[in-house]
Amino acid sequence: MDNFKTLAKKALTNTAILYIISRYATYIIQFINSLFIALYLGPYYLGVWGFIILILGYCGKFDLGIAHSANAILSINKNNDDYVEKVIGNSLSMIMGLSIVILLVLYSFKYINCFNIGEKYNFDEYIIIVSIIAVLTYFNALFSNIFRIYGKILLIALNQSLYPIIVLLIMPFFRSEILIWAMLIAYSFSTTISFILFLYQRPVPFKLRFSFDLVKHIQIKGWHLFVYNTSLHLIILSTNSFISSYYAIDEFGYYTFSYSFANAIFLLLSSISYLIFPKMLNRFASSNNTQINNILGNIRVAYISLSHLIVHFLIIIFPFFLFFFPEYQQASPIFKITALTLVLYTNSYGYSGLLIARGKERSLGLLTFLTLLFNIGLTYLFIVTFKFSISLAILGSMITYFFYTLYTSMYGRKNMGLNSGLISTFIDVYPWRMMLPFLISLILIITNSRDVFFIIPFTLYFFLNFNDIKIIRNLVLKVIKDPNLMNI
């Protein structure tokens, strides 16, 4: 009992663990908020709110990769204080320039006729406050990337959690259009508070600077990272768009339910990845190939093995979960293949970070963009031409992730001077001890087997990867005891 209390105390004083807990608590709050927002706004004002969120979403996606670029550059050069200040200062100048462009675009909704779609939603009423939110979000994204490089993650957690918490508190008091204004004011208030706190607690000086050569360097790196991140995100988004267009509304509802549940666990894993990514880039840039190979081996065993283990376990328990949602019984096979699709992408973990650290963003962005085109073509073929059932609609993305992982890993291994042949890379990223249970689960799904049979791949995975599971257990205990372990 004393041992448990000691571990619990260390966990609650570990900033990394607290950050992960805060992220999942925020996801739960956001889910609750979405239910009540739909209830209190009604269909019409929910449509207006949806348009506002859509505009903010587009603003967020078209950030030109400045924050990602600064993160990559600073992670590698964090010990060079003078250069760090120059990169931050020029990044701030670039964000200011981007903000001016975004303001002009947003105001064009009101003054340029070709953007009169905004009139349908009376968007001109919200332009000022939406502009404030969009601009502050750019700055806060940059600040968050800077803060996580220096391990100051509690303020990042506050930035990510403040708005959902405020909305949860104010929702019961407002309805319809007034609720929209209340949420927008809460949004602008939370982003402003985060902006001020970031400035007040900055780990290094934030001063505006402008160097054409450095701006060019940041933007070139940022553009390729922008192409990479956007294309990677659009792979699954393009599949979701096909499914929403070519299947019945209730079928898309089953898919949305399944995808949301399957994606939830990967949000937790992404929280862990978010913390170690800057440190991983720094180690990749400052280590030789032998050291990098050891680092990759350790983090890939932990991240990939844990992902596959959790997915096989979730496939078993999902039918029990459906007892509480009987109207979604038909979602069971959709969930299983969706979970297998998402977990396949984790097999590429580490190699994309290595390529970014090695300055290969351009090639990585091109590879990801071509992968996106491949996914669109394959998904169109399966859904539109061959008319696959909804339970197999995501199969195109599974195949896409399979090849993306294989080719990204081949390129990464080549950069480390390892054997980058097809067979050697395949054995590295798709070891038989992981893929045998994966293939058994896939065959069980395609043959529409009973739920009880999925105990077989889970049990097989557990025994074949028992050593990895022990490594994961020991690693979790070490992270709880020693916060600095996140420094890999």
Side-chain angles (χ1 to χ4, degrees), residues 23 25-63 98-141 144 158-197 233 237 240-241 244-245 249-250 252-253 256-257 259-260 267:
R23 291 308 298 133
T26 301
Y27 295 142
I28 293 172
I29 292 173
Q30 287 174 329
F31 177 73
I32 295 172
N33 286 350
S34 65
L35 297 177
F36 284 101
I37 288 172
L39 178 65
Y40 293 154
L41 285 181
Y44 177 81
Y45 287 109
L46 185 60
V48 175
W49 178 245
F51 182 80
I52 294 171
I53 294 299
L54 180 65
I55 296 300
L56 286 171
Y58 275 115
C59 291
K61 287 297 175 187
F62 291 96
D63 62 353
L98 175 62
S99 300
I100 293 172
V101 173
I102 290 299
L103 290 174
L104 292 175
V105 171
L106 288 174
Y107 277 90
S108 68
F109 277 90
K110 184 173 183 178
Y111 297 109
I112 301 179
N113 291 332
C114 64
F115 292 134
N116 60 6
I117 186 174
E119 293 180 5
K120 178 180 177 181
Y121 300 94
N122 295 320
F123 182 66
D124 58 333
E125 296 181 12
Y126 311 106
I127 284 177
I128 295 177
I129 195 166
V130 168
S131 301
I132 294 172
I133 295 169
V135 169
L136 287 175
T137 300
Y138 285 137
F139 281 99
N140 289 344
S144 294
L158 177 65
N159 175 54
Q160 296 169 334
S161 305
L162 187 57
Y163 170 67
I165 292 173
I166 295 175
V167 170
L168 182 66
L169 295 176
I170 67 172
M171 269 194 307
F173 305 103
F174 303 101
R175 298 292 185 276
S176 302
E177 187 178 11
I178 300 176
L179 178 57
I180 290 179
W181 278 106
M183 290 190 293
L184 284 173
I185 293 171
Y187 208 152
S188 61
F189 174 78
S190 61
T191 51
T192 302
I193 292 297
S194 296
F195 178 80
I196 293 172
L197 289 175
H233 177 78
L237 187 60
N240 294 351
S241 300
S244 67
S245 299
I249 295 175
D250 57 339
F252 184 62
T256 302
F257 180 81
Y259 178 81
S260 299
L267 293 176

[atom1] of [X] to [atom2] of [Y]: how many Å apart, nearest 0.5 Å?
{"X": "I129", "Y": "M183", "atom1": "CD1", "atom2": "CE", "answer": "11.0 Å"}
{"X": "I166", "Y": "F189", "atom1": "CD1", "atom2": "CZ", "answer": "5.5 Å"}
{"X": "E125", "Y": "L184", "atom1": "CD", "atom2": "CG", "answer": "11.0 Å"}

Closest non-hydrogen atom pair between [X] and [Y], with its separation:
{"X": "P164", "Y": "I29", "answer": "O-CG2, 3.5 Å"}
{"X": "Y163", "Y": "S190", "answer": "CB-OG, 3.3 Å"}
{"X": "T191", "Y": "S188", "answer": "OG1-O, 2.9 Å"}
{"X": "E177", "Y": "Y126", "answer": "OE2-OH, 3.4 Å"}

CD1 (I170) with more than 12 external heavy atoms under 6.0 Å: yes

Check whether more than 12 heavy atoms from other residues, nucleotides or ligands sit under 6.0 Å from atom CD1 of I128, and answer yes or no. no

Name the residue from L56, I132, L136 that meets the side-chain contact (heavy atoms from CB on, under 4.5 Å) definition with Y187.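 Of the listed residues L56, I132, L136, the side-chain contact (heavy atoms from CB on, under 4.5 Å) partner of Y187 is L56.
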
Is it true that a side-chain atom of S161 and a backbone atom of L158 form a donor plus acceptor pair closer than 3.5 Å?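 No; zero donor-acceptor contacts below 3.5 Å.
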
